[in-house]
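Here's the structure, in structure tokens; my notes come after.
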Amino acid sequence: PWQMAVFQVCVSFEGNVLDIVPFTGIGPMPPYPQPSLLAWVISDRHGMFGSFCRNCQSYFRIDMYPGDTICPYCGHLDKSINFLTDNQLQYIAAFCKSFIEAHNGDNDVILDLDKLAEQLPENRPKWFYSEEQQQNSYTCTKCKRKYDILGEYGLCPSCGAPNLADVFQLKMDEFEKQFQKANKEISERHDREVAWEKLTRCVSEFESMANQLRNYLLKLPSIPKRKNALKSMTFQNILRANDCMLDWFGFEILEGISESDRNFLNIMFNRRHVFTHNAGRVDQEYLNNTGDNKVRLNQLLRVRSKEVRRLIPLVRECGLRLIKGYEAIQ
């Protein structure tokens, strides 16, 4: 009593999967490798199929098996049959073995599905395979394929489109909601300062997204010197990162952002670093990176509501410009 999907594969007599065979109606079958047997691979109760990337040793699920599959984690492209999980391969091999034994024997083979359903919680037959739900599920905005992965950022396994913009927008929306709620409901000064400091985490979310996007940029052809420079670049230094993206890939993270807002972003990105790594106490690195003459060495930093109100939309704009620049690369 739940949804189900299925795809068909042809399998050698030794149990090796040869190719995916599309289903057809009444009429001739499309050509597929011979000699072989046909086997069905059935989805889990969410209508999803488990997939395993042997390039990065990572698991994910997708709602169909296209001709080729792209790993949402590392971007590895290969034939879909090379993403079959060990469970699926064991099931297919056991199915083919049973089929051949039934064909060569004198007895019929009967599968009692009711009995199987009763046995599942305690004793699963060796040809039964199960899938594992991951942390986050997405529907690709371009090809409408459904997939789920560990973590948040990833590529669509069907068309390769990144989900960067969708996930990043949702995160920034949540920061905006948290700010409005705190600004309305919290009146005590110390509690407000604590809330504003927490909301500077939007900078960390930008860096997390940007670091994932950098992994995609590292897959583009370039000389070793450029790759090493890109690997060592930090998005914490937003001004330097902007210059690097312009010099290396031809787009700006800070395009259209005023000089005043650029300086403000540089200060707030460095403040977030101080809050995270130095308990909010000003160090010499912060002074060197920002030129902030409103604070002194060892002073405890404070964040004001007007700064958070200004920061979140600017971080959103920078993130979307970074994503747009990446998507424009041909």
message = I'd like to know if the side chain of Asn183 and the backbone of Phe179 have a donor-acceptor N/O pair within less than 3.5 Å.
response = no
inquiry  = We want to know whether Asn215 and Asn211 form a side-chain donor-acceptor pair, criterion being a heavy-atom distance below 3.5 angstrom.
reply    = no
message = Show the nearest heavy-atom pair for residues Val17 and Leu89, with the distance to one decimal.
response = CG2-CD2, 3.9 Å
All pairs passing salt bridge (charged side-chain N to carboxylate O under 4.0 Å, His left out) where residues 227-246 contributes a residue, at least two apart = none
key: Contact check, side chains of His76 and Phe83, non-hydrogen atoms, under 4.5 Å   = yes
request  = Decide salt bridge (Lys or Arg N to Asp or Glu O under 4.0 Å) for Arg272 and Glu207; before the verdict, give the C-alpha distance in whole Å, the side-chain angles of both, and the deciding distance to 0.1 Å.
outcome  = CA-CA 11 Å; Arg272 177 60 191 172; Glu207 291 184 51; over 6 Å; no
query = What about Val194 and Ile186, same hydrophobic cluster or not, with Ile/Leu/Val/Met/Phe/Trp/Tyr joined at side-chain heavy-atom distances under 4.5 Å?
reply = no
key: Distance in Å, Ile42 CD1 paired with Phe49 CZ, rounded so as to fall on 0.5 Å steps   = 8.5 Å
note = Gln8 and Pro22 have their tightest heavy-atom pair at NE2-O, 3.8 Å
task = Measure the CG-OG distance between Asn82 and Ser51 for me, rounded to the nearest 0.5 Å.
result = 11.5 Å
query = Would a distance-only check, ignoring hydrogens and angles, find a side-chain to backbone donor-acceptor pair under 3.5 Å from Arg192 to Ser187?
reply = no
query = When rounded to the nearest 0.5 angstrom, what distance separates OG in Ser208 from CZ in Arg201?
reply = 10.5 Å
query = Taking the six-membered ring for Trp, are Phe99 and His103 parallel (under 30°), tilted (30 to 60°) or perpendicular (over 60°)?
reply = parallel
query = So, do Glu152 and Lys171 sit near enough that their side-chain heavy atoms are less than 4.5 Å apart?
reply = yes
task = To the nearest 0.5 Å, tell me how far Leu18 CG sits from Asn16 CG.
result = 7.0 Å
key: Reported OH-to-CG distance for the pair Tyr59 and Asp86, which is rounded to 0.5 angstrom   = 11.5 Å
ask   = Does Asn163 reach the main-chain N or O of Asp166 with its side chain, forming a donor-acceptor pair under 3.5 Å?
value = no
remark   = Nearest heavy-atom contact between Phe168 and Ile323 is CB-CD1, 4.4 Å
query = If you look at every heavy atom in Arg145 and Tyr147, which pair is closest and at what distance?
reply = O-CD2, 3.9 Å
task = Would you please indicate yes or no on a ring centroid separation below 6.0 angstrom for Trp196 and Phe275?
result = no
key: Side chains of Arg45 and Met4 in contact at under 4.5 Å (non-hydrogen atoms)   = no
query = Do Leu37 and Phe95 touch side chain to side chain, with heavy atoms closer than 4.5 Å?
reply = no
ask   = Under a 4.5 Å cut-off applied to non-hydrogen side-chain atoms, are Gln169 and Leu320 in contact?
value = yes
query = Can you find a pair of side-chain heavy atoms, one from Arg296 and one from Val282, that are under 4.5 Å apart?
reply = no
Test log, rule side-chain contact (heavy atoms from CB on, under 4.5 Å), inputs His273 and Tyr286 = CA-CA 9 Å; His273 183 76; Tyr286 171 82; over 6 Å; no
key: ILVMFWY network linking Ile92 to Phe7, side-chain heavy atoms under 4.5 angstrom   = yes
Using a 3.5 Å cut-off and no angle test, enumerate the donor-acceptor pairs between side-chain atoms of residues 249-260 and protein atoms at least two apart in sequence or in another chain.
from: Ser258; atom 1: OG; to: Asp261; atom 2: N; distance (Å): 3.2
from: Ser258; atom 1: OG; to: Asp261; atom 2: OD2; distance (Å): 3.4
from: Ser260; atom 1: OG; to: Arg310; atom 2: NH2; distance (Å): 3.2

note = Nearest heavy-atom contact between Ala279 and Leu300 is O-CD2, 3.8 Å
ask   = If every non-hydrogen atom of Thr85 is compared with every non-hydrogen atom of Arg54, which pair is closest and at what distance?
value = C-NH2, 4.1 Å
inquiry  = Please check this pair: side chain of Arg271 against backbone of Arg302, looking for a donor-acceptor N/O pair closer than 3.5 Å.
reply    = yes
key: Full working for side-chain contact (heavy atoms from CB on, under 4.5 Å) between Asp148 and His46   = CA-CA 11 Å; Asp148 71 0; His46 299 117; over 6 Å; no
request  = Verify salt bridge (Lys or Arg N to Asp or Glu O under 4.0 Å) between Arg61 and Asp44, making sure each step is shown before the conclusion.
outcome  = CA-CA 10 Å; Arg61 294 191 307 165; Asp44 60 23; 2.5 Å; yes
ask   = Do Met209 and Leu322 touch side chain to side chain, with heavy atoms closer than 4.5 Å?
value = yes
ask   = Would you say the side chain of Leu217 lies within less than 4.5 Å of the side chain of Ile329, judging by non-hydrogen atoms?
value = yes
request  = Take the angle between the ring planes of Phe206 and Phe269 and call it parallel below 30°, perpendicular above 60°, tilted in between.
outcome  = perpendicular
inquiry  = Distance check, rounded to the nearest 0.5 Å: Phe52 atom CZ versus Gln88 atom CD?
reply    = 11.5 Å
